[in-house]
Amino acid sequence: MPEHKQRKRILITASGAALVAALLLAPGADGAPSPNAMPKGDLPGWRQVWAENFNSAVAAPVKTGSFSGCNHHADTPRAYCSGLPKPWRDTLWAYPSGWEDTAKSGADGNGGAPYGGTYEPQKTVSIGRGYDGGGTLKVAMYRPADGGDNMVGTVVPRRCMDLRDGRYSARVKVTRADSGFKSAWLRYEGSRAEVDYPEVDDYRGSNVAMFSHGGGAEWNIQTSASMTTAHTYTWERRGSTVTVYLDGRKLRTGGTSLTTSSWIWQNESRIERDRNKRNGGYALPGAKATVEVTWATCYKAVR
């Protein structure tokens with residue numbers, strides 16, 4: 001099995017809503033993007049290196065099955081999916097068919113899930129008309145009706161790979177949310193450091209959180225936001241700090257040990273059991289969850 005980025009074990013709760021409500025009353029930081037529209041062009045201190053609203057795929061959809069042959073130069077900026085038509089092949093990559101998600105592999109001490117998922121981008125990822133009438137990138141995860149592993153998907157914007165100081169922003173909505181699926185969008189450097197935002201343990205069972213791990217920079221933010229509502233998630237790493245925004249409003253700045261790593265849109269199987277839910281909150285046969293990305297952009301720091 002190829003080495004690839006995996007998730008640490010964490011617990012996410014719905015607590016902290018009062019703290020976040022107070023944070024959201026604070027003024028937005030200079031240069032914070034509009035929460036609805038995709039930012040175009042550079043921002044103070046940041047040069048835009050990639051921006052995509054997927055609207056061209058309304059007339060020319062990238063159908064399910066196109067994200068195939070993704071094992072070329074895997075996990076490097078040269079990675080590509082041979083089944084993707086240009087120009088998408090030059091800008092998007094996905095974890096290849098057969099890679100195991102965290103719940104299945106047990107990486108970083110994650111264990112106990114009765115079953116996990118297998119990354120199958122050719123079965124789960126497409127680009128076309130979305131919930132709002134414009135284009136969206138969709139990751140449509142599911143557990144087969146006859147049981148077995150979940151089919152899940154992780155997408156990586158190629159031009160946002162291996163940035164040292166970077167700013168990342170995306171507008172995202174989960175449009176179907178059966179129990180048993182989660183997201184952890186991240187930059188990851190093994191045991192050295194990790195930043196996850198947005199992250200939820202279950203789309204309907206927990207609210208969006210941000211986590212910083214490694215190098216003595218352990219801290220988190222718990223929000224009252226749900227991924228089943230459209231939100232804009234923005235965060236930036238510059239030097240030894242990370243700053244986090246929700247819908248254009250600054251939440252917090254804290255320390256990080258991150259250096260160079262890639263922006264990973266990791267969508268996978270639920271890891272933690274919820275004893276209050278049927279089947280522990282894990283996906284039942286036939287369960288489905290769909291993540292839609294309305295737009296996304298990333299920036300490189302201007303020194």
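Summarising the geometry, atom CD1 belonging to Ile127 is positioned 10.5 Å from atom OG1 belonging to Thr64; distances are rounded to the nearest 0.5 Å. Taken to the nearest 0.5 Å, the NZ atom of Lys182 stands 5.5 Å off from the CD atom of Glu268.
Counting heavy atoms from C-beta on, the side chains of Ser126 and Lys63 never come closer than 4.5 Å. Met227 has its side chain within reach of Tyr233: a pair of non-hydrogen atoms, C-beta onward, lies under 4.5 Å apart. The shortest distance between side-chain heavy atoms of Ser97 and Gln122 falls below 4.5 Å. Val291 places none of its side-chain heavy atoms less than 4.5 Å from the side chain of Phe181. Side-chain contact check for Ile271 versus Thr102: some heavy-atom pair is nearer than 4.5 Å. Inter-residue side-chain proximity for Ser261 and Tyr188 is flagged as unmet; no heavy-atom pair is nearer than 4.5 Å.
At least one donor-acceptor pair closer than 3.5 Å links the side chain of Ser206 to the backbone N or O of Asp201. Put simply, the side chain of Glu292 never gets that close to the backbone of Thr175: no donor and acceptor are under 3.5 Å apart. Without hydrogens or angle criteria, Asn220 side chain to Met210 main chain gives no donor-acceptor distance under 3.5 Å. In terms of modelled atom types and a separation under 3.5 Å, the side chain of Arg270 and the main chain of Ala283 share no donor-acceptor contact. Side chain of Asp247 to backbone of Thr232: a donor-acceptor contact under 3.5 angstrom is found.
Of the candidates Leu137, Thr136, Val139, Val293 forms a side-chain contact (heavy atoms from CB on, under 4.5 Å) with just one, namely Leu137.
When ring centroids are compared, Phe211 and Tyr197 stay outside the 6.0 Å threshold. Taking the centre of each ring, Trp93 and Tyr80 stay at or above the 6.0 Å mark.
Stacking of Arg237 on the aromatic ring of Tyr168 is not recorded, the 6.0 Å distance cut-off and the 45° axial limit not both being met. A cation-pi arrangement, defined by a distance under 6.0 Å to the six-membered ring centre and an angle within 45 degrees of its axis, is absent between Arg159 and Trp263. Both tests hold for Arg143 against Tyr115: distance to the six-membered ring centre under 6.0 Å, angle to the ring axis within 45°.
The two residues Trp88 and Phe54 have their closest heavy-atom pair at CZ3-CD2, 3.8 Å. Across all non-hydrogen atoms, the minimal contact from His73 to Ala79 is O-CB, 3.2 Å.
The residues Arg176 and Asp178 are annotated as salt-bridged, a charged nitrogen and a carboxylate oxygen being separated by less than 4.0 angstrom.
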Requested in this report: Go through the steps to decide whether Asp132 and Lys173 satisfy the test salt bridge (Lys or Arg N to Asp or Glu O under 4.0 Å), and finish with yes or no.
Outcome: CA-CA 10 Å; Asp132 60 356; Lys173 182 178 181 179; over 6 Å; no

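Evaluation of the disulfide (SG to SG under 2.5 Å) test over residues 113-191, restricted to residues two or more places apart or in two chains, returns Cys160-Cys298.
Lys300 NZ: 12 or fewer foreign heavy atoms inside a 6.0 Å radius.
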